[in-house]
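A note on names: the letters A, B, ... follow the listed sequences, proteins ahead of strands, and every chain is numbered from 1.
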There are 2 protein chains.
Amino acid sequence: MATTQPAAVDRPATIHDIAALCGVAASTVSRALSTPDRVNIRTRQRIEAAAAQLHYTPNSQAKALSSGRTGAVGVLVPDITNPFYFDLIRGTQLQLKAAGYTQLLVDTEESDEVEASTVEQLRKSADGIIVAASRLSDEALLDAAAKMPLVTINRDVPGVPAVLIDTPAATSQALDHLISLGHTRVAYVAGPPTSQSSERRWTALSEAAEERGVEVRRLGPFAPKTQSGAAAADAAVHSGVTACIAFNDLIAIGMLQRLRERGIRVPEDMSIVGCDDIFGADFCNPPLSTMASPIEQAGRVAVSMLLAQLNPLAGGGTRSRSVMPTHLTVRGSTGPARQAS
Amino acid sequence: MATTQPAAVDRPATIHDIAALCGVAASTVSRALSTPDRVNIRTRQRIEAAAAQLHYTPNSQAKALSSGRTGAVGVLVPDITNPFYFDLIRGTQLQLKAAGYTQLLVDTEESDEVEASTVEQLRKSADGIIVAASRLSDEALLDAAAKMPLVTINRDVPGVPAVLIDTPAATSQALDHLISLGHTRVAYVAGPPTSQSSERRWTALSEAAEERGVEVRRLGPFAPKTQSGAAAADAAVHSGVTACIAFNDLIAIGMLQRLRERGIRVPEDMSIVGCDDIFGADFCNPPLSTMASPIEQAGRVAVSMLLAQLNPLAGGGTRSRSVMPTHLTVRGSTGPARQAS
DNA sequence: AATCAAATGACAACCGATTGCCAAATGTTG
DNA sequence: CAACATTTGGCAATCGGTTGTCATTTGATT
């Protein structure tokens, strides 16, 4: 009666159960399972058989505690309900799973504080972090990146590995498209003030406008939600422009709805260009011209860059910056400029 | 030089650091932090001050290992990119965070195997599980529910706590709506064969149809994606019906697109009713009539039910079944039946 | 002031793995 | 057959907490 347990309890099996069943030490079991060639092949097979028989699954908590590696990667997004992130999340999830990692998805609610505290917590419970559209300061990001492997998405901070979606380049494409349609008064509908993406797009756009000699004014900021579209649309109409390039598709779709309510025709009276080509951009009314990019792929690339940091051995010089191409997809929301009355 | 560490290393602080700083035992620190009233208030304050000073954050792995509670809840969805789940996820995330839990979100890729292995793994790394639209068999779910706290969403298995979205009830509402518009030949566009929701809707719909003496035929099954809408639309047209009730909005929106391509007018030639009122249902063309329900709230309720299982003490008899109301939202995709030629 | 109950804090075992170190077993070679 | 190199496997410490047990201190009561 001095043995540990009658074995048949429904509690998950541990290496000790296996060890007892095989008559070896727990450490031998551990080695057999994680460093197979340091254990006699016959012993190993016995252990493997016992493990299978007991339906053994290693306890990840315990493993993490003793080894320091958690096998998890945190993925931080500002807003889970923003369709832009769906494909991103899908991309990271697939790539992480393929590499044997678990994804810890966190919605930071567009808050730098939530983001900071999450990063701090993840420092212990994850091996690395992927931060999309970070709201943190450059310093905070650099600091975090110094403490643990980290990759940003759409956030360019020198010294922090990043995947950048090259929407700034696409904005000048969009501008050319609008100019070719005869538009000369264009507005940029800005996103949140804390979004670096929005800034980068504005910078690229205003430079392109200057080169081409057209006027681009800036409206906003607006929250990246369809609800903000109403205010954005009103601002655009009031400003007298004939075309808008919106920070993202959510705002653009919201504008479409508002303009329709107000009886302003798109694209006859106003052209709208969105950004991201999210779910819905192809079936809204009219279908949205927008700047598309391989978002799921961006997620995969971010994971690859992070894994390269985690296992520096596996060849491939650690790239610290990856730019995803973007292109303009023209649909029904852009058309010839209305003749000035 | 016999002390542990010169303290100032950048490694996260542990209770031992705090204990050393205060000159007490580590266990006292643990108690001060988790069972405050079992420790002298002055000592406690010293400890709290030290903890703050060292930026102490408890190591969740270690906590989980020794206490058995992980503070995490797994949330399983069949497809993260399906907008239906966005609000659900948002709801669970908010409610879990409010209760101090972490959400482990997993995309099971509509696969029962992935789902089963995830459940098995989560058994050790989570305190409970919420499974949306499970693809598992009744037995597997019962089994899993016996091993750990579990709540399903939209999956009715006797003995397993569930949150059900009452779309079956709404289907008869939708049918009445169509009948009142003069439709007599209606199709149900079925979802995946493994989806119990789809079955429940079909059962309710065909019963309602029988009562009312109209013909409802079943088409499909179709995958719950917009891409499937094309095949569904073609099948509907071929079957000669004048109205369709689709398994969900994704399929319905896909049908809308296909019908438009084929020059079939909605709702003049064909009425379409979707289900779920997902992101996009209000701005597609035409806007989709659909069965709406408080999805985010469903997520919150599921979390509440799970937490009730986890802390049986906190009053409120454990409800094992919660039904969310649903109602038909009429938009532009339904209209009077075309006159039989 | 003496007595006793209650509050407090330290010790140590434990959760389930990993891993450094060393001893035993094995095989090889001269 | 002895001596030595090489595997192989076990012991025990460790990760960072939690928790049961028990001795001690504190305070209240008479």
(request) Kindly give the heavy-atom pair with the smallest separation between L150(A) and Q309(A), and that separation in Å. (result)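 L150(A) and Q309(A) have their closest heavy atoms at O-NE2, 3.2 Å.
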(message) To check you understand the geometry: which heavy-atom pair defines the closest contact between A162(B) and T152(B), and what is its length?
(response)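 Heavy atoms only, the tightest pair is CB-OG1, 3.1 Å.
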Could you give the distance from [atom1] ([X]) to [atom2] ([Y]), rounded to the nearest 0.5 Å?
| X | Y | atom1 | atom2 | value |
| --- | --- | --- | --- | --- |
| Q103(B) | L96(B) | CD | CG | 5.5 Å |
| L21(B) | I47(B) | CG | CD1 | 10.5 Å |
| E113(A) | L136(A) | CD | CG | 10.5 Å |
| L105(B) | I89(B) | CG | CD1 | 4.5 Å |
| L76(A) | I130(A) | CG | CD1 | 10.0 Å |

(message) Assess whether a salt bridge exists between R90(A) and D79(B), defined as any Lys/Arg side-chain N lying under 4.0 Å from an Asp/Glu carboxylate O.
(response)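 Salt bridge between R90(A) and D79(B), a charged N being under 4.0 Å from a carboxylate O: yes.
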(message) Under 4.0 Å, heavy atom to any atom of DNA chain C: which of residues 47-55 of chain A qualify?
(response)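 None, since no heavy atom is under 4.0 Å.
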(request) Write down the distance between CZ (R44(B)) and P (dT8(C)), rounded to a whole number of angstrom. (result)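 That distance rounds to 10 Å.
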(message) Run the side chain to side chain donor-acceptor pair (under 3.5 Å) test against D156(B) and tell me which residues pass, sequence neighbours left out.
(response)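 Expected list: R321(B).
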(request) Determine, for nucleotides 14-22 of chain C in 5'-to-3' order, which nucleotides have protein heavy atoms under 4.0 Å from the base (write B), from only the sugar-phosphate (write S), or from neither (write -). (result) -BBBBBBB-
(message) Treating D127(A) as the side-chain partner and V73(A) as the backbone partner, does any N or O pair qualify as donor plus acceptor under 3.5 Å?
(response)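 Not at all, since once roles are kept as given, no pair shorter than 3.5 Å links the two residues.
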(message) I'd like to know if the side chain of K124(B) and the backbone of P12(A) have a donor-acceptor N/O pair within less than 3.5 Å.
(response)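 No, the answer is negative, given that no donor and acceptor are paired below the 3.5 Å cut-off.
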(message) Pair F84(B), I295(B) - check side-chain contact (heavy atoms from CB on, under 4.5 Å), show working.
(response) CA-CA 8 Å; F84(B) 171 73; I295(B) 305 179; 3.4 Å; yes
(message) I'd like to check the salt bridge (charged side-chain N to carboxylate O under 4.0 Å, His left out) partners of E120(A); sequence neighbours left out, ordered by chain and number.
(response)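 So E120(A) forms a salt bridge (charged side-chain N to carboxylate O under 4.0 Å, His left out) with R123(A).
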(message) Looking at dT8(C), I'd like to know if its phosphate oxygens (OP1 or OP2) sit under 4.0 Å from a side-chain N or O belonging to T43(B).
(response)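 T43(B) to dT8(C) OP1/OP2: no side-chain N or O under 4.0 Å.
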(request) Walking along DNA chain D from 5' to 3', note the first and the last nucleotide with an atom under 4.0 Å from a heavy atom of chain B, and give both. (result)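 Under 4.0 Å from chain B, the extent on DNA chain D is dG16(D) to dT21(D).
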(request) Measure the angle between the two terminal helix axes of the helix from dA1(C)-dT30(D) to dG30(C)-dC1(D), five base pairs each, and quote it to 10°. (result)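 Answer for the end axes of this duplex: 40°.
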